[in-house]
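Notes to accompany the following structure.
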Amino acid sequence: MEQNMREEIIKYDIKVINAFKKYGQNNVFNGLNMSVKSGSIYGLLGPSGCGKSTLLQCILGVLPLDSGCINLQAKSVDDIGYMPQDVCLEFLLTIKEAFGYYGSLYRMSKINIKNKLNELNKFLHLPDLNSYISEISGGQSRRVSLGISLLHDPKVMILDEPTVGIDPLLREGIWAEFEKMVREQKKTIIITTHYIEEANKSDCVGLIRNGLIIEESPPQDILVKYGTDTLESAFLKLCSDQISIIKEVDNTIQVKEKSQPKITMGSGNVHFYRIKALLKKNVRICSRDYLLLFTLIVIPLMQTFNFCLAIGVPFKDMTVAYKNDEINILDCQYSNFNGCIFDKNSNQTMSCIIMNYLSSHNDYKLVEVQDREVAEASINHTKYIAFLYFPKNYTSGLAKYINDRKYFDLESGIFAHITNENILFRNQITTDVLQSINYLIMEALKSCSNNPISIGVPLEFNNLYGKDVKSIANGIVSFLVAVVAFYFPSIFALSIMMSEKFDGLLSRSMFAGVKILELIISLLCITTVLILIQTGFACFISYFLFLNPILITNGLFVYVLLLLLLGWIGFFFGILTAVTTTTKLFGVYVVIGTAMAQLILSGAIWPLEGQPQLLRQVSKLLPIRLGGNIMNDIALKGWTLDHPSVITGTSLAVLYTILLILVLIILGKIKKDLWVILK
Ligand SMILES: Nc1ncnc2c1ncn2[C@@H]1O[C@H](COP(=O)(O)OP(=O)(O)OP(=O)(O)O)[C@@H](O)[C@H]1O
């Protein structure tokens, strides 16, 4: 009765009742009870791994209990200041900027942040406020971390080992400040610590062992109760009574009832001021991460230049061996090409025309060889891409071929041995030799006043569309732009989200009220600007510097829309990869592998028409293929949004974006540790 009355008078800011929690088979709490009085310092002690951090996170509502109740007297995140065990701060911010960021999350004015920072600095002795967090020591970063937890003047402070790595003198000062806050401002503080002498200064000490708080009293009471001079010897005595404690544990009945605070990391409204703070922070971080900037800006630029300089450009300096028994090539310049080759007295050497054609049109390096067999054999050693042999009677043979084919002897024609190592080399030399012969026959017929058309094929080729397409590159450059649009945003999202998750940045921001959606919106804004910059450069280089053909129609609006959609698909894919993979490296492998597979299957390297039916159907639906193909049609065929294929493709791209968002939402509901590491 008396006990109950006392309970009613004393106010508790935190009460944990019959808490059970396990990780797999590892029981961390076995019916743990804990009471933290308002306006007091509670020192939570216990051996490493006994569950101190787990308890704090259960109190904050981050980790779910298996059963039990936790009551935390706080109306909003503003009432709580949490300092995690790890530093969890953005290394690329200065101390001042980090305080500014968290201050703006708590809606503090600039002047308020400045004043509070000065106040905290007096007892935390922070280093130069303009130093980057990456440049300060471990102990200094912990003091910054502590300062950030106290910045918004919270009512309840939950501090996980705030004084680790801090020198004894500073520790004294920090504890004095804690005591002052409790006495003068009626704050409530829970501190976990390994330093038992520190716990002496608490109003109440709780000792965790075997999943229970085995002692919870003011330090003086503990000393009296166990008849010792120090807390350390009291605890040693307590621990020697472990067997009875374990018996107690075994007898504890687990109640299935469960209730926990929901104010931190919970759902809530999206606020613009937090998006603005996140935007400012992330822009700062990105602009200082030179490696990321290099990857996001310079690499796409370089790759576009590389593509334009290296793909689809006619081959140069290919070495072609020849043996000309008709004429010494040096004498070609003195050759007479006047008159008709059908004249019996004609002394023309038409092989010169082919040789001149090849050397002048395509930068072939013509190398004369003395021995036909040696030249033919050397093709196998990739020394020459082709060997051309002109027999002694080439011109007279040609005259017979044109005039009366039944007298033509195959032995008097050109012998061409062409490498098969690269089909493109083979096609180019074959086309060039055929064109040179065609040219030669036309010239020969003209010189004999015959109608050149008489020997031509009755066929006329015309362009259906894309009359400006002159090379392979012209027809696939949109795929390159599509790759840039998809790949780099996914790398960006992956790298930022991985840091947010694995470095504990997001969870720390969430303790200050940030919602996942707010972070995603802020990152999406930065990504959109990045997509426009990256693809803007890629388009400028491809279409304006290297003059790949593009039709100026109102379809270009859809082209830009598709670039944005591809970038957003890449962005959400990067986010999904970041939250579902366990290491940055693995995430990078997934993103690179996916982009590479899409590029291979996109039809840019080899048309989809060559793929097996089933694979082709899959390839058609891959984002890079889908976007790149429509962008190609817009650029070369002038298609606009009223074309059914453009409507279907664009709708599919919108659908992919929505699908990825849905997958993230569903996964977030199923997997509790999708966005933050729960530990
Ligand atoms: N995410 C997790 N998955 C599985 N086991 C975990 C996880 N996090 C913690 N544990 C285990 O739970 C127990 C309690 O861990 P916790 O970090 O709460 O201990 P602690 O008392 O804070 O330790 P320390 O003083 O060393 O920080 C440990 O045995 C730990 O191995």
Side-chain angles (χ1 to χ4, degrees), residues 14 16 19-34 36 42-68 70 72 82-88 138-139 141-142 145-146 149 157-166 171 189-199 202 204-216 231-232 235 238-239 242 245-246 249 254 260-261 264-265 498 500-508 510-511 579-583 668 670-679:
I14 297 162
V16 181
F20 284 82
K21 166 91 193 156
K22 38 170 150 171
Y23 288 115
Q25 293 305 309
N26 178 11
N27 271 354
V28 187
F29 308 141
N30 297 299
L32 181 143
N33 292 295
M34 177 192 193
V36 181
Y42 188 104
L44 189 59
L45 286 178
S48 178
C50 68
K52 299 182 292 295
S53 303
T54 305
L55 181 57
L56 297 191
Q57 295 197 40
C58 288
I59 291 171
L60 288 160
V62 181
L63 279 178
L65 284 178
D66 296 334
S67 71
I70 296 178
L72 171 66
Y82 172 58
M83 177 185 167
Q85 197 173 33
D86 299 328
V87 173
C88 304
S141 339
R142 291 197 74 74
S145 174
L146 175 59
S149 336
M157 293 164 226
I158 299 180
L159 312 174
D160 203 346
E161 302 187 0
T163 51
V164 165
I166 296 178
R171 247 191 285 155
I189 305 177
I190 304 187
I191 290 181
T192 67
T193 177
H194 286 288
Y195 307 116
I196 295 190
E197 71 276 18
E198 258 189 4
S202 315
C204 181
V205 173
L207 178 71
I208 306 192
R209 209 169 165 82
N210 291 320
L212 292 172
I213 300 262
I214 57 171
E215 183 59 72
E216 187 177 72
L231 272 181
E232 198 154 6
F235 289 147
L238 243 171
C239 294
Q242 221 176 16
I245 293 159
I246 290 167
V249 170
Q254 184 169 351
Q260 268 182 277
T264 54
M265 322 280 278
M498 278 267 175
E500 288 282 350
K501 180 174 177 177
F502 291 99
D503 301 342
L505 308 179
L506 177 57
S507 66
R508 182 147 203 172
M510 284 169 85
F511 286 120
V579 293
T580 49
T581 50
T582 43
T583 64
I670 300 169
K671 209 169 170 285
K672 288 286 166 240
D673 61 351
L674 185 75
W675 298 100
V676 291
I677 302 254
L678 300 179
K679 56 163 277 195

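Counting convention: from 1, in listed order, for ligands and their atoms alike.
At least one cation-pi condition fails for Lys22 and Phe20: the charged atom is not both under 6.0 angstrom from the six-membered ring centre and inside a 45 degree cone around its axis.
Listed by number with element, the atoms of ligand 1 under 4.0 Å from a non-hydrogen atom of Asn26 are 11 (C), 12 (O), 29 (O). Atoms of ligand 1 lying under 4.0 Å from any heavy atom of Thr54, numbered from 1 in the order shown and given with element: 14 (C), 15 (O), 16 (P), 18 (O).
Not one N or O on the side chain of Lys672 forms a donor-acceptor pair closer than 3.5 Å with the backbone of Val62. Although no hydrogens or angles enter the test, the distance criterion places no donor-acceptor pair under 3.5 Å between the side chain of Lys21 and the main chain of Val28. Checked by atom type and distance alone, the side chain of Arg171 never pairs as donor or acceptor with a backbone atom of Gly165 at under 3.5 Å. Distance alone, capped at 3.5 Å, places no donor-acceptor pair between the Lys52 side chain and the Leu45 backbone.
Taking each of Cys58, Gly51, Ser48, Ser53 in turn, the one with a heavy atom nearest to atom 17 (O) of ligand 1 proves to be Ser53. Around atom 27 (O) of ligand 1, the closest heavy atom drawn from Lys21, Gln85, Lys22 belongs to Gln85.
For Glu232, the CD atom counts as loosely surrounded, since its 6.0 Å shell holds 12 or fewer non-hydrogen atoms of other residues, nucleotides or ligands.
Contact between Gly49 and ligand 1 is present, with at least one heavy atom of the residue lying under 4.0 Å from the ligand. Ligand 1 lies less than 4.0 angstrom from a heavy atom belonging to Glu161.
Taking distance alone, with nitrogen or oxygen atoms compared against 3.5 Å, Val28 stays at or beyond that limit from ligand 1.
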